[in-house]
Amino acid sequence: QLQLVQSGGGLVQAGGSLRLSCAASGRTFSTYHMGWFRQAPGKERDIVGAITNSGTTTYYVPSVKVRFTISRNNDKNTVYLQMNSLNPEDTAVYYCAATTGQPMGVQGYDYWGQGTQVTVSS
């Protein structure tokens, strides 16, 4: 069992930055690939990016590549999402999630954080 607790988020102006954190309980955090997802109002939840269990490889969808960075610290059981150059289209509830399957395989995520609101004003 893995429990994920998110922190960070909030309201920021366009062009600003935010960092989300996702802290995991349990000793097996380093065996999980971690993903970040987001769900905008009225839309489906989509993957934003992922990081492998070792942290050596990251993946991003084109719309956030260059602007967003995913990192992890396995000693602290925490994964991060650094978001720069935010725009109003990034407004959504953001979720972290864990999988032992393919990092960008959306259906394989077993454990989810509680979600955190990110609002970008124009």
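These values consider heavy atoms only, across backbone and side chains, with no hydrogens, waters or symmetry-generated copies. All of these numbers come straight from a predicted model, not from anything done at the bench.
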Between [atom1] on residue [X] and [atom2] on residue [Y], distance to nearest 0.5 Å:
X    : Y   : atom1 : atom2 : value
S121 : Q13 : OG    : CD    : 5.0 Å
D110 : T99 : CG    : OG1   : 5.5 Å
Q114 : C96 : CD    : SG    : 7.0 Å
L2   : Y32 : CG    : OH    : 5.5 Å
S7   : R19 : OG    : CZ    : 8.5 Å

Is there a path of hydrophobic side-chain contacts, each under 4.5 Å between heavy atoms, that joins [X] and [Y]?
X   : Y   : result
Y80 : V61 : no
L11 : L81 : no
V5  : F29 : no

T78 (side chain) donor-acceptor with K76 (main chain) under 3.5 angstrom: yes
Side-chain (Q102) to main-chain (G108) donor-acceptor, under 3.5 angstrom: no
Parallel, tilted or perpendicular: ring planes of F37 versus W112, cut at 30 and 60 degrees: tilted
Plane angle bin for Y94 and F68 - parallel if under 30°, tilted between 30 and 60°, otherwise perpendicular: tilted
Intermediate values then yes/no, side-chain contact (heavy atoms from CB on, under 4.5 Å), Y59 and T52: CA-CA 9 Å; Y59 307 87; T52 55; 4.0 Å; yes
Chi angles and distances behind the side-chain contact (heavy atoms from CB on, under 4.5 Å) call for S30, N53: CA-CA 5 Å; S30 62; N53 62 319; 5.8 Å; no
I70 and M34: CA distance, side-chain angles, deciding distance, side-chain contact (heavy atoms from CB on, under 4.5 Å) verdict: CA-CA 9 Å; I70 299 172; M34 298 297 296; over 6 Å; no
Side chain proximity check, V79 to W36, heavy atoms < 4.5 angstrom: yes
Where do [X] and [Y] come nearest, in terms of heavy atoms and distance?
X    : Y    : result
M83  : V118 : CE-CG2, 3.8 Å
T56  : S54  : OG1-OG, 2.9 Å
G10  : L18  : O-CD1, 4.0 Å
N84  : S17  : OD1-OG, 2.9 Å
Y109 : A50  : OH-CB, 3.7 Å

CD/Q39: more than 12 non-hydrogen atoms of other groups inside 6.0 Å: yes
Q3, CD: over 12 other non-hydrogen atoms inside 6.0 angstrom: no
Side chain to side chain donor-acceptor pair (under 3.5 Å), paired with R38, selected from D90, T116, D46, T91: D90
Worked verdict on N87 versus R67 for side-chain contact (heavy atoms from CB on, under 4.5 Å): CA-CA 10 Å; N87 59 62; R67 300 188 299 121; 3.5 Å; yes
